[in-house]
Amino acid sequence: MADENTQKKEDSKKRPKRYPNKNYAVKKRLPARPLDGANVIFITKKTNFKAQLDKCCELLTRGEKEIILHGLGAAIQRCCNLALQLEILFSGTCQIEVNTGTVDLIDDLEPLTEDLDFDAQVRCSSSIHIRIFRTAMLGAN
């Protein structure tokens with residue numbers, strides 16, 4: 001009985017969870033956006049870090065009470081770095097609230113041969129959501 005259970009576990013580890021790429025071309029869809037607004041910023045690895053920092057600073061100095069940063073996968077480190085830089089720049093007048101999780105991403109599989117059908121696969125990616133909110137305004141007494 002124990003041998004059968006270990007055999008099943010080993011078989012499940014050997015099975016590929018994704019289709020082989022030799023038969024399909026993988027087209028990654030954009031992830032679903034949780035919220036939209038002027039104070040919601042999606043952090044990517046492709047955008048210039050200084051431009052992202054300037055945009056966040058502009059929003060906070062313009063009077064926004066909070067901004068929300070979203071990062072996926074490889075952009076998580078950049079998102080954390082950006083939040084910490086903002087905390088330093090606004091010298092203790094901002095606080096940070098961090099939530100982590102996973103997001104389901106969908107990939108479309110386009111067949112490379114005519115005898116196969118179109119398909120989709122789901123994969124998971126790590127995500128971070130950082131809320132930066134003002135506790136005191138600069139120059140206020």
Worksheet item: Is there a donor-acceptor pair under 3.5 Å between the side chain of Thr102 and the backbone N or O of Ser125?
Response: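 Side chain of Thr102 to backbone of Ser125, a donor-acceptor pair under 3.5 Å: no, none is there.
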
Discussion item. Using only atom types and a distance under 3.5 Å, with no angle test, would you say the side chain of Thr47 pairs donor to acceptor with the backbone of Thr44?
Written reply: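 Side chain of Thr47 to backbone of Thr44, a donor-acceptor pair under 3.5 Å: no, none is there.
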
Worksheet entry | Which residues share a salt bridge (charged side-chain N to carboxylate O under 4.0 Å, His left out) with Arg62, sequence neighbours left out |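 Arg62: no salt bridge (charged side-chain N to carboxylate O under 4.0 Å, His left out) contacts found.
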
Discussion item. Parallel, tilted or perpendicular: which one describes the rings of His70 and Phe42, with boundaries at 30° and 60°?
Written reply: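 Ring orientation, 0 to 90° scale: parallel.
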
Item to complete: Let me see the working for Phe118 and Leu109 under side-chain contact (heavy atoms from CB on, under 4.5 Å), right down to the final yes or no.
Response: CA-CA 6 Å; Phe118 285 88; Leu109 299 172; over 6 Å; no

Discussion item. What's the separation between atom CG in Asn39 and atom SG in Cys56, rounded to the nearest 0.5 Å?
Written reply: 10.5 Å

Worksheet item: At what distance, to the nearest 0.5 angstrom, does CG of Asp107 lie from CG of Leu105?
Response: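 Answer for the CG-CG pair, Asp107 versus Leu105, is 7.0 Å.
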
Response to the item:
side-chain contact (heavy atoms from CB on, under 4.5 Å) test vs Leu53 passes for just one of Asn48, Leu82, Asn81, namely Leu82

Worksheet, complete the sentence: Residue pairs passing the salt bridge (charged side-chain N to carboxylate O under 4.0 Å, His left out) test with at least one member in residues 82-102, sequence neighbours excluded, are Glu97-Arg131

Worksheet entry | Path from Ile106 to Val103 over hydrophobic side-chain contacts below 4.5 Å |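 Shared cluster, no.
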
Worksheet item: Tell me, do Thr100 and Ser126 make a side-chain contact under 4.5 Å, heavy atoms counted?
Response: no

Discussion item. Within the structure provided, determine whether Ile67 and Leu86 are in side-chain contact (heavy-atom separation under 4.5 Å).
Written reply: yes

